[in-house]
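All heavy atoms count here, side chains included; hydrogens, waters and symmetry mates do not.
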Amino acid sequence: MANDDLLLKIDNLRVEATAYPPGEPPKNLVIVDDVSLELKKGKVLGLIGESGAGKSTIGLTAMAYGRGGCRITGGTIWLKGRDIRPLPAEGIRAVRGAEVAYVAQSAAAAFNPSHRLLRQVIETSVKRGMSKRQAEARAIELFRKLKLPNPETIGDRFPHQVSGGQLQRAMTAMALCPKPDLIIFDEPTTALDVTTQIEVLAAIKDAIRDEHTAALYITHDLAVVAQISDEIMVLRHGKKVELGTTDQIINHPQEDYTRRLVSVRKIQKQEMAEGAAPILEVKHITAAYANGLTVLKDVSLAVAPGHTLAIVGESGSGKSTLARVITGLLPPSEGEVLFEGKALPRAQKDRSKEQLRILQMIYQMPDTAMNPRQTVESIIGRPLEFYFGLRGAERKRRVVELLDQIEMGAKFLDRYPAELSGGQKQRVCVARALAAQPKLVICDEVTSALDPLVADEILKLLLRLQAETHVAYLFITHDLATVRAIADSIAVMFKGELVRYGAKSKVLSPPFDDYTDLLLSSVPEMKLGWLEQVLSKRRMAAAGN
């Protein structure tokens, strides 16, 4: 390898795993198939694709690591001029943490909750020969660079004492502390709100530039990767689809799959004017948890039949808490919830079966919303039996109708959740909600855990079902692209209060209050230089210009 700037070179990488289907012989699966890439010092390569595309698997092979059950079965992994794949275990351990570091998607799961941040941030650096004093000074310098509050003392806190965005930046500091040559960022902003995401993204970009560290940036969001990468590799089913500069991939994609990724989220629902009396009214709701913390303050809003109200705001703004109040899981301390003009009992246990039926919910994580031991037929059939008394052949016929409605069909009747993709699981959750023939469905971040193309399909499905059944939606999200795609009206929440509310065209038109302006300007756009442009405007605003 003659090129002195070349840091990482992966040739003809092949990664396999073994599946053990119940009652069948083991099967070998190819997870990554003949992928090659090069990365120069100080550069960032974005790896993008849907779930199962092989992004994280490829990223981790840069550490000669095969994730759970995976085996690197072919290819070479050159790091700083030598093939690290044949190295003995001791040699590979020396590479990990020192030459290559990893930043996980969920910082909360990556930190030990019983140790203070500083101790964990400096641990690898001290093990690699840096003195404790030097490592602590380096960590504080990185805290400052990553714009963490009180950089001299924030390391004394435990992980639960900082926000999600602060914890993700602390994890970036932990990766940078031993001065690695390469960092693998595995979806580091996916779990964050847009307002927090932009801060973390800017901090990561500045740190990579200042430290002259190379990076593999793994994500399924092209708009995010466009702000940080020099080149982008598009992956699908473990194979390379396309590789090019960020400008070429974003503005001149060559492959059909890449063009679909670039054009995703262009659904735009025509706003419907409210005519009929509201189906749901929330009047002056104030609610608090058992510890006395008030989480909703005098919230009032309404949803018309066949309409969609989107509730937006960052984590902790009270969106999901409002859903809990409406469904009776959290009785309010003040105010009332009316359905078709009649007050609903505050607690779910006091509501009739009919009151439960007409108001259904679809959850954010389909994996945890379904019983893994039940088949699709049992999952969808349960509300049919509970609300309508359907059994046997009649229940099965109705389940098939619902599966046809969500474009899956009878072949999925005997499948278990583990045998479904993320998008299929969420479709089953949609069918289960519709089985009760509700008049209003609360959708709680139903697309946030899905890849863009899959999320797009779910939104189109929800819009089609709404047109067919005239069901109303209360759509909870922090994704403004989703709001534009599906909403008729919008409620913006901040710290438990309603700060902006009305028709979509009105809420998304200036003049804006400060928080709505921040929220709208934080949604990543698929164009080069967007991040710098937004940050520049914010600095000018902060300076009073």
Side-chain angles (χ1 to χ4, degrees), residues 193 271-352 354-362 438-445 471-478 483 487-508 511-519:
D193 303 309
E271 179 185 312
M272 293 171 63
E274 290 192 21
I279 193 169
L280 175 77
E281 292 176 272
V282 173
K283 291 190 170 182
H284 306 292
I285 288 292
T286 296
Y289 286 122
N291 60 6
L293 177 67
T294 300
V295 284
L296 292 175
K297 305 166 191 172
D298 195 27
V299 175
S300 297
L301 47 80
V303 187
H307 283 60
T308 300
L309 168 64
I311 301 180
V312 298
E314 59 191 32
S315 292
S317 61
K319 307 186 300 295
S320 294
T321 302
L322 180 59
R324 289 172 62 82
V325 169
I326 293 169
T327 54
L329 292 172
L330 177 66
S333 51
E334 292 179 28
E336 60 181 354
V337 177
L338 283 74
F339 204 94
E340 295 182 321
K342 297 177 182 177
L344 290 174
R346 294 187 173 199
Q348 191 182 59
K349 63 182 177 62
D350 298 324
R351 295 184 183 181
S352 68
E354 179 64 10
Q355 288 170 329
L356 295 174
R357 182 190 69 79
I358 57 180
L359 206 162
Q360 294 292 310
M361 193 156 180
I362 305 171
K439 295 182 179 180
L440 183 137
V441 176
I442 299 174
C443 304
D444 192 358
E445 302 270 17
V471 66
Y473 293 138
L474 190 68
F475 208 97
I476 297 167
T477 183
H478 61 250
V483 170
D488 296 297
S489 53
I490 301 172
V492 181
M493 295 191 68
F494 180 61
K495 294 184 177 178
E497 297 186 50
L498 208 57
V499 295
R500 194 173 176 92
Y501 172 56
K504 176 168 66 175
S505 56
K506 177 185 173 184
V507 171
L508 297 181
F512 299 116
D513 58 276
D514 290 344
Y515 179 68
T516 305
D517 187 40
L518 175 68
L519 203 62

Got a second to check how far Q360's CD is from C443's SG, nearest 0.5 Å? 11.5 Å
Residues L474, I311; criterion side-chain contact (heavy atoms from CB on, under 4.5 Å); working and verdict: CA-CA 7 Å; L474 190 68; I311 301 180; 3.7 Å; yes
Quick check for you: to the nearest 0.5 Å, what is the distance between Y515 atom OH and E497 atom CD? 12.5 Å
Shortest non-hydrogen contact from R351 toward R346: NH2-O, 4.0 Å
Could you pull out the closest heavy-atom pair between I476 and I442, with the gap in Å? CD1-CG2, 4.0 Å
Of all heavy-atom pairs between L296 and T294, which one has the smallest distance, and what is that distance? O-CG2, 3.5 Å
If I compare all heavy atoms of I279 with all of A472, which pair ends up nearest, and what's the gap? CG2-CB, 4.2 Å
Under 3.5 Å, sequence neighbours excluded: what are the donor-acceptor pairs made by side chains of residues 331-343?
| unit_1 | atom_1 | unit_2 | atom_2 | d |
| --- | --- | --- | --- | --- |
| S333 | OG | T286 | O | 3.0 |
| E340 | OE1 | K439 | NZ | 3.3 |
| E340 | OE2 | K439 | NZ | 2.9 |

Would you name the heavy atoms of V325 and A287 that are closest together and state the gap between them? CG2-CB, 3.9 Å
List in chain and number order the residues that pass side chain to side chain contact (heavy atoms under 4.5 Å, CB included) with T308, two or more places apart in sequence or in another chain; answer none if no residue qualifies. K269, Q466, Y473, F475, I486, D488
Do F512 and R500 make a side-chain contact, defined as non-hydrogen atoms from C-beta onward lying under 4.5 Å apart? yes
If we only count heavy atoms from C-beta on, is the V282 to I285 side-chain gap below 4.5 Å? yes
How would you list all residue pairs meeting side-chain hydrogen bond (donor to acceptor under 3.5 Å, both in side chains) that involve residues 316-330, not counting sequence neighbours? Y289-T321, S320-D444
Search all heavy atoms of L344 against all heavy atoms of L359 and return the closest pair with its distance. CD1-CD1, 4.3 Å
How long is the straight-line distance from NZ of K283 back to OG of S300, given to the nearest 0.5 Å? 8.5 Å
Result of checking L330, L301, L498 against L322 for side-chain contact (heavy atoms from CB on, under 4.5 Å): L301
Between the CD1 atom in I326 and the CD atom in E281, the distance rounded to the nearest 0.5 Å is 12.0 Å
To the nearest 0.5 Å, atom CE of M493 lies from atom OH of Y501 at 12.0 Å
Backbone N/O of A487 and side chain of E271: donor-acceptor pair under 3.5 Å: no
Would you indicate whether the side-chain heavy atoms of I358 and P438 approach each other to under 4.5 Å? no
